[in-house]
Student: 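Next up is a structure, given as structure tokens.
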There are 2 protein chains.
Amino acid sequence: MKKRISIKTIAQEVGISNATVSLVLNDKDKEGRVSREMAEKIRKVAKDLNYEPNHLARGLRMGKSQTIGLIVADISNPFFANLAFHIQEYAEKFGYSVIITNTNESDAKLVKILDVLIGHQVDGLIIVPTEHGKPAIEELVKKDFPLVLLDRWYPELQTCYVVIDNYQASKTAVQHLINKKCKRIALFGYTIDLPHMQERKRGYVDTVKKAGLFDENLIKDINYISIDADIKTALDDLFFNEKNEKPDGIFFATNSIALHGLRYMFERGVKVSKDVKAICFDKSDAFDLMESPVPCVLQPIPEMGKLAVDVLINQIVKGTVIPSKVELFAKLSTEE
Amino acid sequence: MKKRISIKTIAQEVGISNATVSLVLNDKDKEGRVSREMAEKIRKVAKDLNYEPNHLARGLRMGKSQTIGLIVADISNPFFANLAFHIQEYAEKFGYSVIITNTNESDAKLVKILDVLIGHQVDGLIIVPTEHGKPAIEELVKKDFPLVLLDRWYPELQTCYVVIDNYQASKTAVQHLINKKCKRIALFGYTIDLPHMQERKRGYVDTVKKAGLFDENLIKDINYISIDADIKTALDDLFFNEKNEKPDGIFFATNSIALHGLRYMFERGVKVSKDVKAICFDKSDAFDLMESPVPCVLQPIPEMGKLAVDVLINQIVKGTVIPSKVELFAKLSTEE
DNA sequence: CTGAAAGCGCTTACAG
DNA sequence: CTGAAAGCGCTTACAG
């Protein structure tokens with residue numbers, strides 16, 4: 001492979017010093033620091049030689065890499081993929097590249113990724129944290145490393161967050177089912193011990209209680225690891241256990257749970273909308289094609305991504321961190 | 001923000017030279033180059049100080065960054081998101097980080113991204129090329145820059161490719177509809193002038209011709225830019241134009257076209273499976289939840305990703321490029 | 001207006 | 001077994 005050409009090559013070609021070339025190529029030749037003709041000449045040679053600056057060298061020298069690390073739970077999940085898309089598009093506007101990585105909800109992996117990303121000298125991090133990732137992230141926070149947590153948060157950790165009001169979103173969703181005359185509303189949530197999920201559950205509980213519809217047996221906890229089996233067990237118990245009165249509504253607290261749940265119900269002949277109403281978090285392509293569309297909670301994905309980038313870049317540029325929790329609001333797909 | 005600690009800090013702490021620290025930390029202290037006690041001591045201090053090597057500096061010095069650039073058309077498309085997921089997981093095993101970027105099918109954007117990524121000193125590129133991206137990529141090929149094109153290819157450009165046999169996949173899909181007694185099979189494809197799409201069309205044409213079912217009016221070209229409008233126009237023409245005999249089968253040459261198409265048909269009350277059979281490229285979550293599932297062509301996504309990484313790393317390590325086109329085979333979802 | 005020099009953090013021949 | 005030195009490509013204060 002041919003050697004990439006450097007500032008030095010250009011300097012030699014023109015017969016001038018590296019310093020001057022650097023000035024010109026960084027557009028710092030205004031304010032009369034370099035003669036007009038010289039600047040022109042340098043630019044021409046740089047162009048002819050197809051010069052591309054070496055970001056590694058620049059990063060090393062400047063102490064910043066113009067790179068942001070993004071850590072999500074799973075890039076193949078459309079919610080995170082969309083988030084990643086908008087983060088990248090927006091970060092690019094400010095001249096930042098984004099390195100996207102996955103934890104697959106593993107705390108060990110989070111720790112490892114953090115090391116790798118920091119080794120790569122990222123200027124900041126946007127992190128969808130894992131259940132027990134707090135210690136690792138706390139260390140970074142102590143060092144004032146620029147970062148913003150996205151989608152999920154640790155209540156006891158003071159740092160920057162961009163999240164949505166899960167409690168309110170959940171209430172709205174459950175209320176929607178109540179308005180549709182549902183009397184026995186089930187909740188399907190993850191066992192994950194993070195407040196975004198607890199808030200969704202709390203929103204459910206408060207709303208059904210207020211309507212006098214609370215029944216503990218209708219709350220089903222799903223483990224991310226054994227999602228398929230857990231959902232089947234839970235649905236079997238709700239719909240095919242003679243002892244139980246069937247639910248007439250289901251609130252799926254995440255999209256992945258909804259997808260698995262709907263699939264199994266479909267398989268078992270439980271008709272959504274007819275036998276039981278459903279509502280869930282986040283939109284899926286699947287919903288548009290169902291016999292009767294499932295309404296869902298729409299998180300403002302582009303705004304979440306942009307805001308995370310804004311908050312992060314602000315930290316990087318200012319060099320200081322003012323802990324803050326930005327809360328956005330979701331709305332129902334039926335409100336559109 | 002606290003300064004990151006460097007090899008120098010460790011060296012001073014231990015009272016020793018940078019060189020020795022570097023040797024130890026890179027596990028080059030075997031073969032009796034450094035005394036056992038000294039090595040232990042250095043490792044301990046490095047650990048206590050929480051040392052993280054600076055990849056920028058190492059990359060600059062070694063002339064490689066252990067980073068791979070991945071360019072896809074759209075990370076929010078599940079096909080590419082899955083591909084990205086597997087590429088990243090697999091590349092990580094070899095110690096490579098992956099920078100993921102999107103072209104949104106724009107040639108101009110491809111050129112720009114190429115510059116950015118090369119500026120970041122990526123050691124190699126995995127590229128899903130755009131329609132007219134050939135000149136830009138050709139330049140890299142001429143320089144023997146390590147790269148592999150994925151999913152799509154330029155027939156006149158000798159370089160490394162990992163693709164699937166689109167012709168065969170398409171034939172199988174169309175044959176499936178013929179086996180289901182379809183007599184009027186429509187094709188929905190993109191206008192994009194790249195052979196992967198042409199092959200899909202050719203597979204369709206050859207198969208319907210062989211069965212004596214060819215009718216030019218059943219071929220519909222969709223523009224990526226105006227996908228929504230184009231699909232509506234095409235479907236309206238097929239199903240709601242009194243002059244035309246309706247199709248009884250549709251082959252959607254991509255997943256995005258299928259999704260838009262199925263949605264519109266649903267909206268207009270055209271019943272898939274009952275009124276018209278459908279089949280398409282790539283699986284979508286949506287299919288599991290439809291009244292009658294749409295069969296699809298399953299590309300071997302994990303294998304495609306892994307192979308691309310293998311081929312690329314091989315180039316990087318060997319320092320030479322042997323142009324090759326690896327072709328994988330897709331199968332129908334009904335074959336599972 | 002332009003140049004010489006230092007230094008970012010690392011690795012690697014070369015000396016001893 | 002360990003150290004001194006050079007150099008990767010860049011930017012930036014300092015001199016002139």
Side-chain angles (χ1 to χ4, degrees), chain A residues 1-43 45-46 49-67 118-123, chain B residues 1-43 45-46 49-67 118-123:
Chain A
M1 202 179 81
K2 273 184 211 148
K3 210 162 165 321
R4 288 163 181 169
I5 79 123
S6 73
I7 274 193
K8 204 167 148 193
T9 326
I10 300 176
Q12 287 170 344
E13 186 76 14
V14 184
I16 208 173
S17 80
N18 299 356
T20 308
V21 176
S22 174
L23 281 178
V24 171
L25 263 25
N26 286 296
D27 291 322
K28 289 181 181 157
D29 59 322
K30 313 294 166 195
E31 64 239 43
R33 314 247 273 118
V34 181
S35 72
R36 177 178 287 274
E37 313 98 81
M38 186 52 79
E40 300 263 295
K41 198 167 171 187
I42 290 170
R43 266 186 252 274
V45 173
L49 263 42
N50 221 327
Y51 171 72
E52 275 300 323
N54 182 329
H55 284 235
L56 258 42
R58 175 185 285 166
L60 178 60
R61 174 59 227 250
M62 314 251 300
K64 54 201 177 68
S65 62
Q66 292 292 113
T67 305
I118 288 174
H120 271 276
Q121 307 302 111
V122 293
D123 294 338
Chain B
M1 202 179 81
K2 274 183 211 148
K3 210 161 165 321
R4 288 164 182 169
I5 79 122
S6 72
I7 274 192
K8 204 167 147 193
T9 327
I10 299 176
Q12 286 170 345
E13 186 76 14
V14 183
I16 208 174
S17 81
N18 298 357
T20 308
V21 175
S22 174
L23 280 178
V24 171
L25 264 27
N26 285 296
D27 292 321
K28 289 182 181 155
D29 58 322
K30 313 296 166 193
E31 64 238 46
R33 314 249 271 116
V34 181
S35 72
R36 178 178 287 276
E37 313 98 81
M38 186 53 79
E40 301 262 295
K41 198 167 170 186
I42 290 170
R43 267 186 253 273
V45 172
L49 262 44
N50 220 328
Y51 171 72
E52 275 300 322
N54 183 327
H55 284 235
L56 257 42
R58 176 183 285 167
L60 179 58
R61 175 59 226 251
M62 314 253 299
K64 55 198 176 70
S65 62
Q66 292 293 111
T67 304
I118 287 173
H120 272 276
Q121 307 301 113
V122 294
D123 295 337

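First the proteins, then the strands, lettered A, B, ... as listed; each starts at 1. Being a predicted model, the structure only gives us computed values, none of them experimental.
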Student: Reading 5' to 3' and counting Watson-Crick or G-U wobble pairs with both distances under 3.5 Å, write the dot-bracket notation for DNA chain C, | for bases paired outside the strand.
Tutor: |||.||||||||.|||

Student: Determine whether A:Thr67 and A:His120 satisfy the following criterion, side-chain contact (heavy atoms from CB on, under 4.5 Å), listing intermediate values before the conclusion.
Tutor: CA-CA 9 Å; A:Thr67 305; A:His120 271 276; over 6 Å; no

Student: Between A:Leu56 (CG) and C:dG7 (P), how many Å, whole number?
Tutor: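 Value for this atom pair: 21 Å.
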
Student: Distance check needed: D:dG9 P versus B:Lys64 NZ, whole Å only.
Tutor: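 These atoms are roughly 15 Å apart.
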
Student: Is there a side-chain contact between B:Val24 and B:Met38 in this structure, where contact means two heavy atoms from C-beta onward sitting under 4.5 Å apart?
Tutor: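 B:Val24 vs B:Met38: side chains apart.
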
Student: A:Asp123 CG to C:dC8 P: how many Å, rounded?
Tutor: 18 Å

Student: Return the value, rounded to whole Å, for the distance between atom CG of B:Leu60 and atom P of C:dC8.
Tutor: 13 Å

Student: Provide, to the nearest angstrom, the distance between the CE atom belonging to B:Met38 and the P atom belonging to D:dC1.
Tutor: 12 Å

Student: In whole Å, what is the span from the CD1 atom of A:Ile118 to the P atom of C:dG9?
Tutor: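 Atom CD1 in A:Ile118 sits about 16 Å away from atom P in C:dG9.
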
Student: Measuring only between side-chain heavy atoms, which start at C-beta, is A:Val45 closer than 4.5 Å to A:Tyr51?
Tutor: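 They are not in side-chain contact.
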
Student: Does B:Ile10 reach the side chain of B:Leu25, with side-chain heavy atoms less than 4.5 Å apart?
Tutor: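 When only atoms from C-beta onward are counted, B:Leu25 and B:Ile10 do touch, with a gap below 4.5 Å.
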
Student: Output a table of nitrogen or oxygen pairs between the protein and nucleotides 10-12 of chain D separated by less than 3.5 Å.
Tutor:
{"residue": "D:dC10", "atom": "OP1", "partner": "A:Tyr51", "partner atom": "OH", "Å": "2.4"}
{"residue": "D:dC10", "atom": "OP1", "partner": "A:Asn54", "partner atom": "N", "Å": "3.2"}
{"residue": "D:dC10", "atom": "OP2", "partner": "A:Ile7", "partner atom": "N", "Å": "2.5"}
{"residue": "D:dT11", "atom": "OP1", "partner": "A:Asn26", "partner atom": "OD1", "Å": "3.4"}
{"residue": "D:dT11", "atom": "OP1", "partner": "A:Asn26", "partner atom": "ND2", "Å": "3.1"}
{"residue": "D:dT11", "atom": "OP1", "partner": "A:Arg58", "partner atom": "NE", "Å": "2.8"}
{"residue": "D:dT11", "atom": "OP1", "partner": "A:Arg58", "partner atom": "NH2", "Å": "3.2"}
{"residue": "D:dT11", "atom": "OP2", "partner": "A:Ser22", "partner atom": "OG", "Å": "2.6"}
{"residue": "D:dT11", "atom": "OP2", "partner": "A:Asn26", "partner atom": "ND2", "Å": "3.1"}
{"residue": "D:dT11", "atom": "O2", "partner": "A:Arg61", "partner atom": "NH1", "Å": "2.0"}
{"residue": "D:dT12", "atom": "OP2", "partner": "A:Lys28", "partner atom": "NZ", "Å": "2.9"}
{"residue": "D:dT12", "atom": "O4'", "partner": "A:Arg61", "partner atom": "NH2", "Å": "3.2"}

Student: D:dG3 P sits how many Å from B:Ile16 CD1, rounded?
Tutor: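 Distance check: B:Ile16 CD1 to D:dG3 P gives 5 Å.
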
Student: Set out, in order, the CA-CA distance, both residues' side-chain angles and the distance that settles side-chain contact (heavy atoms from CB on, under 4.5 Å) for B:Ile16 and B:Val21, then state yes or no.
Tutor: CA-CA 8 Å; B:Ile16 208 174; B:Val21 175; 3.8 Å; yes

Student: For B:Arg58 versus B:Pro53, what's the shortest heavy-atom pair and its separation?
Tutor: NH2-CB, 4.0 Å

Student: For the residue pair B:Asp123 and B:Gln66, what are the closest heavy atoms and their distance?
Tutor: OD2-N, 2.6 Å

Student: CD of A:Gln121 versus P of D:dC8: gap in Å, rounded?
Tutor: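 Computing the A:Gln121:CD to D:dC8:P distance gives 21 Å.
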
Student: Locate the shortest heavy-atom distance separating B:Leu60 from A:Leu56; write the atom from each residue and the value.
Tutor: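 Residues B:Leu60 and A:Leu56, closest heavy atoms: N-CD2, 3.8 Å.
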
Student: Check whether any side-chain heavy atom of B:Thr20 sits under 4.5 Å from a side-chain heavy atom of B:Ile42, and report yes or no.
Tutor: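 Result yes, sub-4.5 Å side-chain heavy-atom pair found.
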
